[in-house]
Amino acid sequence: MSKAAVFDTRTDAAIAVESPLAYSYRRSGAPTPGPHSQVTIRERAFLGHLILRGGAIVLDEAVREVLGMNLPGKPQGLVHDASGERSIQWLSPDEWLLIVPGGEEFDFENRLREALGDARFAIVNVGGGQTLLELEGPKARELLMKSVVYDVHPDHFPVGKGVTTVFAKATAILRRPSDTRWELVLRRSFADYCYRWLLDAGEEYAIGVVR
Amino acid sequence: MSQIHRTARGGRIDRNRQLTFTFNGKRYQGHPGDTLASALLANGVAIVNRSFKYSRPRGIVAAGAEEPNAVVQLGASEAAQVPNVRATQQALYDGLVARSTNGWPNVKRDLMGLVGKLGGAFMPPGFYYKTFMAPASLWMTYEKYIRKSAGLGRSPTEADPDIYDHLHQHCEVLVIGAGPAGLAAALAAARSGARVILCDEQEEMGGSLLDSRETLAGEPAEAWATQVIEELKGLANVTLLPRTTANGYHDHHFVTLHERCTEHLADTAPRTANGARQSRARLHRVRAGQVVLATGAHERPLVYAGNDVPGNLLAGAVSTYIRRYGVVPGQQLVLSVNNDYAYRAALDWHEAGREVVAIVDARPAPEGDWVTEAKAKGIRVITGSAVIEAKGAGRVSAARVAAIDIDGFRVTGRVEELACDTVASSGGYSPVIHLASHTGARPTWNDEILGFVPGLVKGVHAAGGANGLYALGEVLASGLEIGVRAAAATGHPSSGFELPSAEVRRDGPQVALFQVPHEKPTLRAPKQFVDQQNDVTAAGIELATREGFESIEHVKRYTAMGFGTDQGKLGNINGMAIAARCLKRSIPEVGTTVFRPNYTPVTFGAIVGRHCGELFDPERYTALQQWHVEHGAAFEDVGQWKRPWYYPQARAQSGNGQRETLHEAVARECRAVRETVGILDASTLGKIDIQGADAREFLGRIYTNKWQKLDVGKCRYGLMCKDDGMVTDDGVTACLADNHFLMTTTTGGAAAILEWLELWHQTEWPELDVTFTSVTDHWATMTITGPEARKLLAEITDIDLDRDRFKFMEWRQGKVAGVPARVFRISFTGELTYEINVQANYARHVWETLFRHGEKYGLTPYGTETMHVLRAEKGFIIVGQDTDGSVTPEDLGMQWCVGYDKPFPWIGKRALSRPDTRREGRKQLVGLRPRDPKVVLEEGAQIVLDPTHAIPMPMVGHVTSSYYSPTLDAGFALAVVKGGHHKLGATVYLPMADGTTHEAEIVSTIFYDPKGERQHV
Amino acid sequence: MQRYSGFGLVKHALSHHENWQRQWRNPTPKQQYDVVIVGGGGHGLATAYYLAKVHGITNVAVIEKGWLGGGNTARNTTIVRSNYLWDEAAALYEHSMKLWEGLSQDLNYNVMFSQRGVLNLGHTLQDMRDIQRRVNANRLNGIDGEVLDAAGVQEIVPILDCSKRARYPVLGASWQPRAGVARHDAVAWGYARGADALGVDILQQTEVTGFKIRDGRVLGVHTNRGDIEARTVGCVAAGNSGVLARMAGIKLPIESHPLQALVSEPIKPVLDTVVMSNHVHGYISQSDKGDLVIGAGIDGYNGYGQRGSYPTVEHTLQAIVEMFPIFSRVRMNRQWGGIVDTCPDACPILSATPVKGLFFNCGWGTGGFKATPGSGHVFAATLAKGEAHPLAASFSIDRFHSGALIDEHGAAGVAH
Amino acid sequence: MLHIYCPYCEELREEEEFHPKGQAHIARPADPDACSDDEWGDYLFFRDNPRGIHHELWVHAVGCRKFFNVTRHTVTYEILETYKMGEQPSVTATSPADDAAARVAAEPSEASRQEGARA
């Protein structure tokens, strides 16, 4: 057993939870998508987010064993499992972001820790501190061009890529899971700012929020 | 008013539609496709402004970005005012309202003009420096009047109703300028498949092709432009940006493009069809692989006397107005030139059916095809001569022409006066090298083209006129070649395209002519303007050189040449040539001209984008923000966080909705904590998860104190220094497991400390097995503190809170309000305290559960102000308030937190034994008790020992924190005082701005519960 | 020296300005001088002027590799103030302020020193604590200033957004009425003309290529126009100080960074005071020509390129529009960068060196222009006497070894 | 506005994602207590500040959070290489790979003309 503390911070009890955007919906509202909407955003709240730290080779083995998927070894790599529900993203040469359906993260953490044994690694649950936002629509890319300094042209940002970059005056993880969809992983305390930014910048595209 | 100068046909305007606009209060008509300048000329408006220094009447000179005079105030309403709009670049729209920026009572009859006429002689360059010095006391009065004449247009007095935004663009080939060279380059690059952006500053792409009298493949040149633009529009790999000026060329091919999105439609951006706001301007931040500068060339005017009288134009501008806008800007033209190409102005004028009085050519025997054509059309060509002076008051009435000796700079012949209302001149062409110059590359002088050609850093290419090529065939060929080359450099081979055949025309060589000689020497001749916007004359430049200003940079600064909103596009080369003549040097010897961004001015709003107002800077919120807002919290900015400062409640007695003051609320909140229980949202504290076999070792190196013996389940306060020994952060770190710690940092320091830890790990100690991950946002932290804290928590937790089983400085894990929680028994108030950490998504539930159970205990929310009072009563420091980067742990009296005998030389240790940190008399943290308990000392008040000492009065320290303590019913303070630790009991003085002096006693920093019993209960 | 006056101007106008004299000579270098000043910016020229005027040392050369006043003197935002925090810095800058107050008359050259006041805004509670601390210290050091609340600020600058709506509302400010702006180029030219008239040789287009040093003592300099002997050499080369120091085998705790500034197009006067904000990072004044003169923060990386990073300009203009929403439609005309020599404690070095006779005056960072007269005055005394002037004593290089830093980052902040 | 190749992300990224952290290869003395005050002061505050080739430390702060080294020319701002922590530069002020730019930095003619300068 690892000499790190593990702690399931989630409960199955019927307890009210609030996503990082709860305040934003009340404060700024959430325009309903309409026929003119060329961009829509949708929050995927309460997912399980784990940071994996360690060497690629060691982690790859454990990830394959536990999750049945390969650890993206190349910079900016993003892979999904067959269901598309679970993903692992390269963040740095010794850091990956694992996103799984909410509630699975503690089990995965334990199984990964077991698989990794005495290896040099770390796993940190960051699910309470992050939220994921999906962007879709014909103007999604242009909205991103207004917001991030990274080149989001499809030649440069193919499906299966993810980067950490500057979003307006905040930081965001930007991913491209499919041809039509982009994802932003935002820090909780910056989420309201990013949300207001997207609504403002998306006004000319009649941005809508799917709730 | 009729458009007296509108031609019967021709031009790219839509004659079927009329637009009405207002200039200086008068209504005029124009057409779509006009610029404000072309419409003013069409209506016969000669005077558009008054000059800045001499208040001389001025007219339109140019047709583009180089225009110095036609700078107007735009805007129909106050909020929509735009200062300094160049009329030559402003598309006409219906309802446009513009005014001259200078002239009182109006631009035609200007009283300041009298001052200019009379006073002009007394205002040589530098005259300010030579006068207004006596008496010294009067300068501010003189200046008040000098300032009255400052400025061109005016700022609106209301906030901007419009929005702006940015687009982050990335491309392989950026082509700047969509004239012949740019179109050719863009087409060549586009056909390779490279990602291409083509931008152009004008309303329409096509550049010089739009007013060309030449043909391509037998068709009018503009047809080829249309065809290329159509093809480019159809290509997915090409982005076309008309009305978009490349203004700044920054490092590594980062170019800022300023797109005017709606300025051609109205002074305020109209809403879109869906009713959405749209940007008035957009700044494209382009990162390019290769950049093609196809920015063309600016024609140089000749410098002759009276060259600023309205009716003096650039030769090329005359052609542009006639061919593109269908406007002939006068009746009788005299054209003064030194080259063949400018002859087209006379040919166009002649074809428009107006009189060309003469072409005055400085060359003794001009012989190109266009010269022949002009002669064939019966136009008088006077050779070896120049217009030496334009006569006229509000408009040119005659040109004085004479034979000149260019080399000797003399008038050699009899002066002939030719009646005319327009003088156009051309002294050759200057490649537009501004953008290349921004990169730091020096331009080089080319004697053949009599101009500077751009210096080019790797990845930058200049095509066509920007590189000194002017014949259309050569320009197209150079565009093609460079487009292919640029695309290839990005890995896209291009086969280019077939060039359309251009006419073959023979042009004779030009001669160098900048300033035209006059019969009188320069200092005595009528004013010969070099930079019209700044009223810089040839005489002014000559005078500057006489006074010892020999470098062109000195000349420019002494005369203000090139500092206008046109940035010297017309004047700089002429000015250099004049300085060179005066100094008997060559132009390149006098210096080179360094242009800085912007090429043309850029609206602040566009640079700001949407980073303003609510989005100026992120506002960071905790998971409890909604609750704080609902409960009336006043907020304090702490870094980017909004933190509850205090919670003012409705005053019990007044009942009229009045809320408590800060002082009242804080007193109430403090009492609640000391007497019952309070709650603080502490979620903003930085939290860093630290894991690894060497985590403990790492902590020992980065903190000043010891970490080897901290057991699992326990917490410890730590102090962090930089290697200069100065305190930089503090916080509590808990041992979660042998190899696992949770560090807390100050709210403001969180990001910097995480980077600090990574710095040391990655650069100095990579061998240590340790990782750091921010969990600040993952956890919500709720601090309940006060005598009733245990009872309250016990109601909703399964954790054993027994005082001996869960001691001070320990943490436990369990459930609070049904939610998994880690509870830390640490205290920043001195009271019994539990810090409850839960996953942030549950924060509101736990917080509200605490309130449901806490009501009977008087649970009171408190903010940062109360937190500060309570911690100060205990002598706990706030890094950044009680420290300022010059304070060591020893200065704070925190030797207990320094592991002097730790084996590893931890960060900050060595610096503690430097001479200055060892010396006596350092400022040390102490408590201050004002003699008068009613006094609350001012934070920042300076401390002296002898308040009767004359100014400058020696100061021994200052107050860092000061509050009224409801618990003590007295003011108290923390302060740093020289040698303070040895001065307990001493009296110090605090002389204040209002003349009073407070007296205080130096005491311990701990004002409350000195033995620390309350936190242990 | 031809004296300048309003009367003289009229006289010259009547003779078509044909009789103005050169403002300074263009002399041939001599083989030997008593003192050589390396660097012909404002500080170097002021040093030469005071050496001649106060200390009677006139056999002096100022060596300038480009054109005089062409470095940071020509590239700053012209702010002059003395409200520094620590005693040592405050004394030096206030000494300078007093010289500014009579400078036009002393030089017979109008440097257009305009005491229109400087506001340093506070946007957070800690800003206000720092402001109170600084103003209290200034008062006891004999430097004018007061603490204003938001209403007081609004009264002085009606166009400033002092509303609570702002992202970082203005809570108050420090106000130094004697502070202001000056015409930067004129300062260099005025000192040059004054020094020249007293016999100082200003050698432009002359580059120092090395030092002649024997037995730990400086004996002169090598230049591209030949060797020049001098037993006292003062280096006042701002951003290039490190390069000079290396030639003499000395290391300095200095890094050169780009510092950017920008101006708007000229507009009719709307802003009569200097407004600075460390918190939102921008400062602004309006020149007598009508330009809004705007300062940006220092760039993070070393650079000698006289260019900086574009985001710095963006952030600065965001701050300006945040403070002055009415300027959104005003346009930016021109931007540029200077090379500032920064010290770890944001204070200058006025110091002897391990090489006898060789002195350095550098490290002014963003605070150089306002210090020009004081720096020259104090450095002249240091060179004349061979030991530190009392006001210079705390600014020795030694402090970086002893640890006695004078941390002015708070007061120096973004703008200087 | 620099375009910086992050050796860990293996691509060019915008300057806004990075923080400059001063001169590279400044090693903390292994035994600080053995350092004289002068040596300690040198370590803390004294930097090369060359006009020319400069090796500097940057961190990809908004990105992979890794520190790395950059060889950059401080006049042209050209980046000649970036390399990972623990590696040494291949382009230096005296290396043959260097061109005219580096000669500005080295200034051999000036260095050779010093007499009796302190090492």
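All of these numbers come straight from a predicted model, not from anything done at the bench. These values consider heavy atoms only, across backbone and side chains, with no hydrogens, waters or symmetry-generated copies. By convention in this document, chain letters (A, B, ...) are assigned in the order of the sequence lines, proteins followed by strands, and residues within each chain are numbered from 1.
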Original post:
Considering heavy atoms only, which positions within residues 60-70 of chain D lie below 4.5 Å of chain B?
Top reply: D:Ala61, D:Arg65, D:Lys66, D:Phe67

Original post:
Are B:Gln691 and B:Thr771 linked by a side-chain donor-acceptor pair shorter than 3.5 Å?
Top reply: no

Subject >> D:Glu15 and D:His3 side chains, donor-acceptor separation under 3.5 Å >> reply: no

Subject >> Output field: ring centroids B:Phe604/B:His611 closer than 6.0 Å >> reply: no

Subject >> Polar side chain donor-acceptor pair, B:Thr746 to B:Asp729, under 3.5 angstrom >> reply: yes

Original post:
By a 4.5 Å heavy-atom criterion (distance strictly below it), what part of B:Trp906 contacts chain D: side chain, backbone, both, or neither?
Top reply: backbone

**OP:** Check whether D:Leu12 gets within reach of chain B through its side chain, its backbone, both or neither, counting any heavy atom under 4.5 Å.
**Re:** neither

Original post:
Is there a donor-acceptor contact under 3.5 Å linking the side chains of D:Glu56 and D:Trp58?
Top reply: yes

Original post:
Is the charged tip of D:Arg72 near the ring of D:Tyr77: under 6.0 Å from the six-membered ring centre and within 45° of its axis?
Top reply: yes

**OP:** Please step through ring-ring contact (aromatic ring centres under 6.0 Å, His included) for the pair B:Phe254 and B:His168, ending with a clear verdict.
**Re:** CA-CA 10 Å; B:Phe254 181 82; B:His168 301 94; 8.7 Å; no

Original post:
How about D:Thr71 and D:His55: does a side-chain donor come under 3.5 Å of a side-chain acceptor?
Top reply: yes

Original post:
Between D:Met85, D:Glu14, D:His19, which has the largest tally of heavy atom pairs under 4.5 Å with chain B?
Top reply: D:Glu14

Original post:
Can you tell me if D:Ser90 and D:Glu81 form a side-chain donor-acceptor pair at under 3.5 Å?
Top reply: yes

Original post:
Where on B:Ile907 is there a heavy atom nearer than 4.5 Å to chain D: the side chain, the backbone, both, or neither?
Top reply: both

Subject >> Engaged part of B:Leu759 at the chain D interface, taking heavy atoms whose separation is under 4.5 Å >> reply: both

**OP:** Could you tell me which of B:His250, B:Glu758, B:Lys909, B:His253 has the largest number of non-hydrogen atom pairs under 4.5 Å with chain D?
**Re:** B:Glu758

**OP:** Using non-hydrogen atoms and a 4.5 Å limit, figure out which bit of D:Leu44 sits close to chain B: side chain, backbone, both or neither.
**Re:** side chain

Original post:
Quick one: what part of B:Lys458 sits under 4.5 Å from any heavy atom of chain D, side chain, backbone, both or neither?
Top reply: side chain

Subject >> Test item: side-chain donor near acceptor, B:His284 and B:Glu259, under 3.5 Å >> reply: yes

Original post:
Which atoms of B:Glu764 come close to chain D, meaning under 4.5 Å heavy atom to heavy atom: side chain ones, backbone ones, both, or neither?
Top reply: side chain

**OP:** Dump the intermediate steps for ring-ring contact (aromatic ring centres under 6.0 Å, His included) on B:Phe595 and B:His434, then the final yes or no.
**Re:** CA-CA 5 Å; B:Phe595 294 104; B:His434 297 65; 3.7 Å; yes

Subject >> Contacting moiety of B:His761, where chain D heavy atoms sit under 4.5 Å >> reply: neither

Subject >> Under 4.5 Å from any heavy atom of chain D - which part of B:Phe772 >> reply: backbone

Original post:
Measuring heavy-atom distances to chain D, does B:Thr439 have an atom under 4.5 Å in its side chain, in its backbone, in both, or in neither?
Top reply: neither

Subject >> Interface residue of largest heavy-atom contact number with chain D, from B:Pro905, B:Gly440, B:Ala751, under 4.5 Å >> reply: B:Pro905

Original post:
Side chains of D:Trp40 and D:Asp38: is there a donor and an acceptor less than 3.5 Å apart?
Top reply: no

**OP:** Measure distances from D:Ala30 to the heavy atoms of chain B and classify the residue's part below 4.5 Å as side chain, backbone, both or neither.
**Re:** backbone

Original post:
Who pairs with B:Arg914 by salt bridge (Lys or Arg N to Asp or Glu O under 4.0 Å), at least two apart in sequence or on another chain?
Top reply: none

